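Have a look at the structure below, then the notes.
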Amino acid sequence: MHGSHAPGRRPELRIVAVLVTGLLLWLLSAPLGAQQPRTGGTLTFIVSAEPPSFDAHREVTFALIHPARPHYNLLVKFDPLNYPKVVPDLAESWTISPDGTTYTFKIRRGVRFHDGSVLTSRDIKASYDKIIFPKGDVISVRQGAYTMVAAVEAPDPTTVVFRLKWKSPSFLQDVASPWNWIYKADIIEKDPHWYERNIMGTGPFKFVEYVRGSHWVGVRNEDYWVKGRPYLDGYRAVFIGNAAAQVNAIKSGQALVEFRGFSPPQRDDVVRTLGSGATVQESGWLCNNTVVFNSRHRPFDDARFRKALSLAIDRWGGSTALSQIAFVGPVGGLLRPEGPFATPPAELEKLAGYGRDIAAARAEAKKLLAEAGVPEGFEFNLLNRNVEMPYRYVAVFLIDQWRQIGLKVNHVVKETGPYLADERAGNFDAAVDFNCDFYDDPDLQLVKFLSVELPNGSVNGLNYGGYIDRTLDRLYDEQSRTEDATRRITVVRQYEKRLLDEKVWQIYVLWWKRIIPHSTKLHGYKVGPSHYLEDLQDVWISE
Amino acid sequence: MPRVYRRQRIWLARFVRRYPLGAAAGIAILGLTALAGLANQLAPYDPLANDFGTMFAAPDARHWFGTDAFGRDVLSRVLYGARTALLVGFAASLVGATIGGIVGVAAAYFGGTTDLIIQRLADIMISFPIIILALAIVAILGSGTFNLIAAIALSFVPRIELVVRASALSVRETTYVEAARAIGARHWRIVFRHMVPNVTAPYLVMLTAFLGQAILLEASLSFLGLGVNEPTPAWGLMLSGAAVEFVQRAPWMAVFPGLAITFTVLAFNVLGDSLRDALDPRLRT
């Protein structure tokens, strides 16, 4: 066709087509509303309890980890935006020996503590020795989770080697524990209790002040080893115990987030007020309420009495009702109901207190009470912490359930610090407790229930019940060493039956469901199944 | 009829005639006390029993005051809550007023260094607002009914001590006290036999004045989570937690215990004012 051009062959149209295609590709690659991280600003968030001490190696509560974790680094950590991937933190890389018993970590150069001193592998070794092999009166509540570790070595300033007694499939995740803060070796050697009252790490934020009952403040570490981080100028953790006041703080913009979780009605309240200014993130939660019985007190030393207490609880009915008013919900065994090791419902229902026929269960409970010689109207104290959500709700539920088999329960509520101190000292009959973790793995979730004195002579600081059960210890060891996944699950089920159905040293009430409503100004944060993994290094606020 | 009873009847009749509001408040308090005492007979439901089938039920023929987040009957909890309020109110006022009264009389009687130390301690304690002082004491002692009574009573002590001491100072200078001293009476005998009976009027006035305040403090501390613990029925506790969170969905959870607190405190305050005017006109404001 003379004198005319096909449209595709005209050069100006080709240029336009290329430009339009490029524009479209750019638009498609960048999600609508996506923003570049912004540097500056102070993040204010809520913490609903006060830290009992500042030492994460001995503590078990978010009340410490939320305000103080930003001052520290770990050896490796869970990727906060891609859980459960483990990524480097102070270790820049690692290798695992072919037999799986030697982990060698290369430590970053040039990392400095907040006092200006340089971090070396000696600091890593000293921190892990404190966690795994605590000396004297030093408390390490997680040493039982590292029984597979034979030695921690620091052959040179940039290398740390963990030598294991046996291959452990989840050892890398165990090392990524958000509790394993790296401390300075010189300080630990001089005073192993120094970190209980002081803060000094290598983290993205330096400590400014802690005013008990009010707030905790951190400011950007200008010498932080990750260039361009943190984005925030600082953060302010405000301590607000009252659940309604927490919601009001988020609604009014006084705080942008509470990193633990809200109940469904609280979420709805925030969303109703903030509208498009609120983002809601939800997840399963590797957390639950347990009840620990003090086996040193009569009649809690009698398995029949403990079993009766478990049988009296209508978990299925409680789950349906309480999930409407609190952030509890799923009924489960020792491992998270949504997790890879969850007990199937059919097996679960065979355990004491998990059956669907609550009338029959309570009849059996009363029979067991009679056999154990526990009179009608027997009275005991239930220790609880003054964290309203969900502890108060769970306690009201439990007390009502136990009243239905003729028991009278006095509810004793204490601040987190005295509550934990009473648990550790055995000053309770029964206590509303919790078993929360950062990774789905029996090695982690089952360690709490091991004997108070472990076969190797060390102390299990998580066992407040004071019992010794060598069968549980043996089964734990067996599942930990088992490489065959099917066999491991079988052993875990035996452990679960022993704990929850036969000996009933402790019981599970309900698992939790995590709901985080927060301001849309908060970015770089993704909710996961653990409230211990909050990491402010990459968090930023949009104005 | 013995003369003493006749005198009391006359005093009572004069009180009712002169202070009808105070008398009405007194009758209301008697009624409340009766309701509290008969709560186990009057309450339609067990105040502790959860009933998940009736969570947040609105007031109706079955549940006159509705139900709370656990399906518990609010009317039953309000009735039993009166027991907690009156127990804490009476016990804290009585203990606080009695200790404060004795300390006040002792300070006035002994004078000198004893008086100086007691007065400075009272000044320090009185410099804190009563709720702050009670909060601090509960924080130290821990929550629970007994500790709550102790905390409220302790925070009343310096306030009552000051008033009673002022009255006791004038009693100390009377001739019968001097005479008792002169014949060698022991200190405790002078204090308890001669001085204490003569400061009864300010003691009773302060006691009634603090009753309403004690009930309000109990409610405030329970509301803040520092008073009695769940599931004990207590008005302040009923106003906290779920009652706040679900106030739009189930306002009756907060309205009825709130009204109970209001009317009870009002009754005690009106009665206290009337008794003050009747017993000790010098304290009239």
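Just so we're on the same page: letters track the sequence lines, and every chain starts at 1. Please read all numbers here as calculations on a predicted model, not as lab measurements.
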So how far is it from [X] [atom1] to [Y] [atom2], rounded to the nearest 0.5 Å?
X       : Y       : atom1 : atom2 : value
M55(B)  : T320(A) : CE    : OG1   : 10.0 Å
R249(B) : I325(A) : CZ    : CD1   : 9.0 Å
F397(A) : F70(B)  : CZ    : CZ    : 10.0 Å

Report task. Kindly indicate whether the side chain of S263(A), heavy atoms from C-beta on, has any atom under 4.5 Å from the side chain of E245(B). Result -> yes
Query - Whether over 12 other heavy atoms sit under 6.0 Å from E379(A) CD - result: yes
Query raised in the report: Is the CH2 atom of W64(B) crowded by more than 12 outside heavy atoms at less than 6.0 Å?
Result: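 Open.
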Query raised in the report: Are L237(B) and R392(A) close enough, and set up right, to give a side-chain contact (heavy atoms from CB on, under 4.5 Å), and what steps lead you there?
Result: CA-CA 12 Å; L237(B) 196 60; R392(A) 186 201 277 197; 4.3 Å; yes
Query raised in the report: Is N50(B) reaching over with its side chain to a backbone N or O of D400(A), donor-acceptor style, under 3.5 angstrom?
Result: no
Query raised in the report: Where does S240(B) contact chain A at under 4.5 Å (heavy atoms): side chain, backbone, both or neither?
Result: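 Contact with chain A is through both the backbone and side chain of S240(B).
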Contacting moiety of [X], where chain B heavy atoms sit under 4.5 Å:
X       : result
V396(A) : both
V412(A) : backbone
I399(A) : side chain

Query raised in the report: Highest number of heavy-atom pairs under 4.5 Å with chain A: which of V247(B), L224(B), N229(B)?
Result: N229(B)
Query raised in the report: What's the shortest heavy-atom distance between E230(B) and H411(A), and which atoms?
Result: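 Heavy atoms only, the tightest pair is O-ND1, 2.6 Å.
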